[in-house]
Amino acid sequence: MPFRCTPPIPGVFARASEHPWELAVEPFQVAPRTYYVAGQRWVGCYLIDTGAGCILIDTAVSETCPLLIDSVHKLGYQLSDIKLILISHAHVDHCGAAGMLAHLTGAKILMSREDTEFMRACPEETTHLDARLHAQPFEVDGYFSDEHPVELGDISVRTLLTPGHTCGCTSFFWEVENPANGERYTVAMHGGVGANTMNDDYYRTSAYLTPALRTRFIDDAERIAAIPVDIALPSHPNQIEIMDRAGTYTDEGQPYRDATVWGDFLRERVRQVREYDPGPQELQRA
């Protein structure tokens with residue numbers, strides 16, 4: 001199915017913090033051994049079964065964490081199966097529940113060095129950017145490297161520093177095999193494409209981010225878009241529509257497989273960055 005995006009959820013900070021069940025969705029499979037487990041339709045969180053435990057990509061916020069936990073259990077996994085937590089970037093909507101989940105699972109947390117420093121220097125722009133969302137404190141156990149993939153079991157996750165939305169925003173690429181026919185697919189999630197932090201209004205008030213990050217994001221986009229990706233996953237489900245096929249996955253059908261989506265998605269995000277007009281929902285588009 002070709003690339004399609006949808007508008008962001010209105011009033012999502014208030015809804016996630018006060019009525020998270022209004023955003024609830026059941027867990028669903030998106031690729032071989034890869035599942036959407038966020039439990040809500042605002043921020044994407046993905047569970048990868050490596051055969052030697054699971055990798056969790058992003059945690060969303062602490063207020064929606066019970067929905068994520070429920071999703072993991074509904075798929076037949078235990079929290080102790082999660083061995084690694086990979087954080088795409090240091091905004092509260094992606095790492096707010098990291099501390100809680102690290103305690104519950106015993107998993108190690110990995111994030112970029114750049115965003116670890118950003119988080120420590122500017123909590124008001126990262127983990128404390130909205131008073132309605134309460135991030136759980138956490139320690140980073142290791143840093144990503146473009147040269148050294150994250151490996152667990154028979155899954156190797158290539159991490160790629162893709163700054164723009166934050167200085168240490170990191171994207172993830174991994175290969176899975178289709179058990180139905182033996183085909184191998186590259187699955188990817190870009191770490192963050194929100195134009196809300198790549199505009200002049202934001203830079204005028206930021207204590208840390210600069211317009212050079214916007215230039216870097218635009219300059220890097222075509223190179224990153226050229227990476228072959230069979231199944232493109234969004235860090236926010238409105239950025240690449242995936243909810244319309246939730247629950248329809250089969251190994252034979254592969255409803256999320258479309259090699260054109262990744263490039264189209266990145267080119268659309270560059271267009272949005274170039275044309276960004278800030279509005280009242282700007283912090284909710286992260």
Side-chain angles (χ1 to χ4, degrees), residues 1-25 28 30 36-46 57-65 67-68 87-97 125-133 135 162 164-166 169 171 189-203 205-206 209 213-214 217-218 221 232-246 256 261-262 264-286:
M1 184 173 289
F3 166 72
R4 185 166 69 91
C5 58
T6 56
I9 300 170
V12 72
F13 279 17
R15 295 175 72 182
S17 61
E18 299 169 13
H19 307 283
W21 54 89
E22 294 180 356
L23 304 174
V25 296
F28 58 94
V30 292
Y36 186 94
V37 295
Q40 40 72 25
R41 55 189 176 88
W42 172 32
V43 183
C45 306
Y46 300 94
I57 297 180
D58 281 350
T59 70
V61 296
S62 59
E63 289 79 2
T64 63
C65 192
L67 300 174
L68 186 153
I87 301 298
S88 63
H89 64 279
H91 286 155
V92 63
D93 50 333
H94 295 268
C95 68
E125 294 186 43
T126 54
T127 54
H128 295 75
L129 58 82
D130 191 283
R132 292 166 291 187
L133 302 175
T162 48
H165 185 54
T166 68
C169 188
S171 298
M189 189 197 89
H190 195 288
V193 293
N196 60 311
T197 63
M198 289 188 279
N199 63 84
D200 291 336
D201 284 354
Y202 184 89
Y203 296 133
T205 60
S206 176
L209 305 186
L213 289 169
R214 176 176 55 195
F217 177 81
I218 293 170
L233 302 177
S235 61
H236 287 267
N238 70 291
Q239 294 174 351
I240 300 174
E241 177 56 68
I242 59 172
M243 292 296 167
D244 58 346
R245 283 152 285 168
Y256 296 102
V261 169
W262 178 251
D264 290 346
F265 156 66
L266 284 170
R267 283 184 280 273
E268 167 59 18
R269 299 313 295 195
V270 167
R271 184 196 67 78
Q272 292 187 25
V273 168
R274 291 184 186 278
E275 299 179 5
Y276 184 73
D277 178 20
Q281 298 292 319
E282 66 175 273
L283 283 178
Q284 300 177 21
R285 299 171 186 260

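Residues take their numbers from the sequence shown, with the count starting at 1. These numbers come from a predicted model, not from an experiment.
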N/O donor-acceptor pair under 3.5 Å between [X] side chain and [Y] backbone:
X	Y	value
D93	V43	no
S62	A97	no
Y256	A232	no
Y46	D58	no

I'd like to check [X] versus [Y] (side-chain heavy atoms, cut-off strictly below 4.5 Å). Are they in contact?
X	Y	value
Y276	N196	yes
S235	M189	yes
F13	W42	yes
L209	M198	no
Y203	R214	yes
H89	T126	no
I240	W262	no

Taking only residues two or more places apart in sequence, or in another chain, which ones meet [X] in a salt bridge (Lys or Arg N to Asp or Glu O under 4.0 Å)?
X	answer
R271	E268, E275
E18	none
R267	E222, D264
R15	E22

Can you tell me how far the CG atom of L233 sits from the NE2 atom of H190, to the nearest 0.5 Å?
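Going from the CG atom of L233 to the NE2 atom of H190 covers 13.5 Å.
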From CG (L213) to CD1 (I218), nearest 0.5 Å:
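If we round to the nearest 0.5 Å, L213:CG and I218:CD1 are 11.5 Å apart.
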How about H165 and H94: are their ring centroids closer than 6.0 Å?
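No, the ring centres sit 6.0 Å or more apart.
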Taking only residues two or more places apart in sequence or in another chain, which ones pass side chain to side chain contact (heavy atoms under 4.5 Å, CB included) with [X]?
X	answer
T6	R4, N238, E241
P20	T64, L67
A135	V92, T127

Provide the closest heavy-atom pair for [X] versus [Y] in the form atom of the first, atom of the second, distance.
X	Y	value
C169	G191	SG-C, 3.1 Å
A90	C95	O-SG, 3.6 Å
A195	R269	N-NH2, 4.4 Å
Q239	F3	O-CE1, 3.2 Å

Please name all residues satisfying side-chain hydrogen bond (donor to acceptor under 3.5 Å, both in side chains) with [X], sequence neighbours left out, ordered by chain then number.
X	result
E63	H134
S171	T162
T166	D115

Taking ring-ring contact (aromatic ring centres under 6.0 Å, His included) as the definition, give me every residue that meets it alongside F28, ordered by chain and number, with sequence neighbours left out.
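Here the qualifying residues are Y36.
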For H128, give me all partners under ring-ring contact (aromatic ring centres under 6.0 Å, His included), at least two apart in sequence or on another chain.
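H128 satisfies ring-ring contact (aromatic ring centres under 6.0 Å, His included) with no residue once adjacent residues are dropped.
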In this structure, are over 12 heavy atoms from other groups packed under 6.0 Å from R274 atom CZ?
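Open.
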